[in-house]
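First the structure, in the form of C-alpha cells, and then the observations on it.
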Amino acid sequence: MSAPEISVIVPVYNEEAGLPALFDRLYPALDALQSPYEIVFINDGSRDRSAALLREQFQRRPDVTRAILLAANAGQHMAIMAGFEHCRGNIVVTLDADLQNPPEEIGKLVAKVREGHDCVGSVRQNRQDTAFRRHASKAMNGLREKITRIKMTDQGCMLRAYSRDIIDAINSCQEVSTFIPALAYSFAQHPTEVEVAHEERHAGESKYSLYTLIRLNFDLMTSFSLMPLQFFSMLGIIISIFSAIFVGFLAVRRIVMGPEAEGLFTLFGIAFFLIGLTLFGVGLLGEYVGRIYQQVRHRPRYRIGAILERSE
Ligand code: UDP
Ligand code: MG
C-alpha cells in the first residue's frame, strides 16, 4: 500500500444496520474520483456487529481499507483523532458512518483542498434532523461565534476536509476533550466552506443523547474560550461592589433608625441569589479544572485493540 492522496476517516459506533449501505456508496464514490485513496474506519468500541462487518469489508477491499478497532468507546472526536494519527493521505476527509452526508460530496471538498484551502468546512443544506437539534445547534453556533474567534457557519457538520499540515498540527495536540472542526479551524490559514447535501439517517439511531450533546458543547465552549470563566469573575466583581455598598447602607440605617426586622426576608432573598451565583461560578470553574486534571494525567486518549491493514 503506497501512500494514498486521499484519506477518508469514518468513525463507527454501533452502526451495523447502516454499514452495508455505506460501503455500497462510499467505495464507488471514491473510485469515481480516480485518485489513490484509503478509507480508515475507526470502530469506536461498538457493542454490535460493526467490528465484524469492518473485518469483512477489509477482506473485500484490503487495497484501500484500513480499520482501527478501539478497545472501548472513546467518543466520536477521539475516534477521529485515532484515525488522524493513522492516516497517510495528503488530503484528509472526515465522514459520518450514517450516510447523513452523501459520500458523493467528497469530491467537492477534495477539489477545494487542491485549490489551496487547508481547512474545508461544510454547511448542511436543508438539514434533516429534529427541530430541537436544529434550533439548539443554531443557538450554540451563535454562542460560539460570540465567545471564540472561530468562524464557522455550521460547526456540527462533520463532512470536512483538511490538508496534511492541519492533520499534523492536530496530531501534535494531546488534548483529551476537544471539538475537531474548531481545533482544525484554529490552525487553518486559508479556511473555506462548501454547501453539502444532508439526508436523514439511513439506519439506526443518533448516537448522541441530550446528555452527550450537552457534554460535547461544554467541550467546544471551554476548550476554545476562557470567556465563560472571565464572565463570572467580572460579574462577581460587580456584584461584590454593589453588595458592599448595600451592606454599608444597611449599617447606616441600623445606626440612624435602630433595628428593623421587616427587611429580613429581603436579605434572605439576596443571600440566596448570591449563593446560587457563587455555586454556578464554582461549577464553571470546575469545568476548566476538570479538563486540566484530565490533561495533566497524560493517560492514553484511546487504546487500540487491533489494526487491520495490509503490511507494507
Ligand atoms: N460516533 C462514534 N462514537 C460515539 C458516537 C458517535 O464514533 O461515541 C460516530 C457515529 O457512528 C457516526 C458519527 O459518529 O458515524 C456521528 O454520530 P451520529 O450520526 O449519531 O450523530 P448525529 O448525526 O446525530 O449528530
Ligand atoms: Mg448522524
Side-chain angles (χ1 to χ4, degrees), residues 7-26 39-54 57 66-87 92-103 105-106 121-141 144 152 154-160 176-182 196-220 301-305:
S7 295
V8 179
I9 313 289
V10 188
V12 175
Y13 180 53
N14 294 344
E15 300 281 7
E16 63 175 3
L19 280 180
L22 174 72
F23 299 150
D24 288 349
R25 274 176 67 186
L26 181 56
I39 305 176
V40 183
F41 293 101
I42 304 94
N43 176 45
D44 188 13
S46 299
R47 283 181 300 265
D48 65 359
R49 290 194 61 249
S50 296
L53 292 177
L54 292 177
Q57 184 59 23
R66 304 169 72 201
I68 298 171
L69 310 179
L70 299 189
N73 182 251
Q76 181 185 2
H77 291 257
M78 281 308 119
I80 294 173
M81 285 290 211
F84 282 173
E85 286 186 348
H86 289 89
C87 72
V92 178
V93 179
T94 56
L95 175 77
D96 285 352
D98 58 359
L99 286 175
Q100 286 200 275
N101 295 120
E105 301 273 34
I106 290 174
S122 58
V123 183
R124 291 169 280 201
Q125 291 167 304
N126 302 318
R127 182 170 170 193
Q128 302 293 315
D129 274 318
T130 59
F132 169 75
R133 285 285 298 266
R134 277 180 285 134
H135 289 106
S137 289
K138 214 167 158 189
M140 284 302 151
N141 257 299
R144 193 254 318 132
M152 285 189 290
D154 187 1
Q155 62 195 17
C157 188
M158 292 302 286
L159 174 54
R160 288 167 185 272
V176 176
S177 337
T178 197
F179 193 86
I180 287 167
V196 295
H198 195 246
E199 295 168 16
E200 274 188 44
R201 210 174 214 288
H202 277 231
E205 284 180 348
S206 172
K207 305 299 177 279
Y208 281 96
S209 63
L210 182 60
Y211 176 75
T212 45
L213 277 176
I214 293 172
R215 298 307 318 160
L216 186 67
N217 277 286
F218 264 116
D219 283 348
L220 171 60
R301 292 172 300 165
Y302 50 79
R303 286 177 305 116
I304 293 175

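Counting starts at 1 for both ligands and their atoms, in listed order.
- The shortest distance between side-chain heavy atoms of N101 and I106 does not fall below 4.5 Å.
- For residue S206, no N/O/S atom approaches the Mg ion (ligand 2) to within less than 2.8 Å.
- Y13 pairs in a side-chain hydrogen bond (donor to acceptor under 3.5 Å, both in side chains) with only one of the listed residues (R47, K207, Q76), which is R47.
- Q100 OE1, 2.8 Å is the protein heavy atom nearest to atom 23 (O) of ligand 1.
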I would like to know whether T94 and F84 meet side chain to side chain contact (heavy atoms under 4.5 Å, CB included); could you show each step before the answer?
CA-CA 9 Å; T94 56; F84 282 173; 3.7 Å; yes
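- Here E15 has side-chain heavy atoms under 4.0 Å from ligand 1, and that is the only part of it that gets that close.
- Of the protein's non-hydrogen atoms, the one nearest atom 18 (P) of ligand 1 is R201 NH2, 3.5 Å.
- Of all the atoms in ligand 1, the ones that sit under 4.0 Å from a non-hydrogen atom of R133 are 22 (P), 24 (O), 25 (O).
- Side-chain atoms of H198 and E105, non-hydrogen and from C-beta on, never get closer than 4.5 Å to each other.
- H77 places a side-chain N or O within donor-acceptor distance of the main-chain N or O of I180, the cut-off being under 3.5 Å.
- The nearest pair of heavy atoms linking S46 to V12 is OG-O, 3.4 Å.
- No side-chain donor-acceptor contact under 3.5 Å links N126 to the backbone of A197.
- Scanning the protein for heavy atoms near atom 19 (O) of ligand 1, the closest one is D98 OD2, 2.6 Å.
- Nearest protein heavy-atom contact of atom 8 (O) of ligand 1 is N73 ND2, 3.2 Å.
- When side chains are defined from C-beta on, I214 does not count as touching Y208, because their heavy atoms never get closer than 4.5 Å.
- Closest protein heavy atom to atom 24 (O) of ligand 1: S206 OG, 2.5 Å.
- The shortest N or O to N or O distance between A79 and ligand 1 is not under 3.5 Å.
- Nearest protein heavy-atom neighbour of atom 5 (C) of ligand 1: K207 CB, 3.6 Å.
- With respect to atom 3 (N) of ligand 1, the closest heavy atom belonging to the protein is D44 OD2, 2.5 Å.
- Residues L19 and Q57 form no side-chain contact, since every pair of their non-hydrogen atoms from C-beta on lies 4.5 Å or further apart.
- The proximity of D96 to ligand 1, defined as any non-hydrogen pair under 4.0 Å, involves the side chain as well as the backbone.
- Here the protein heavy atom with the shortest distance to atom 21 (O) of ligand 1 is Y208 CD1, 3.3 Å.
- In terms of N/O distances under 3.5 Å, ligand 1 is not approached by E205.
- The Mg ion (ligand 2) has an N, O or S atom of D98 closer than 2.8 Å.
- From D154, atom CG reaches atom OG of S137 across 7.0 Å, with rounding to the nearest 0.5 Å.
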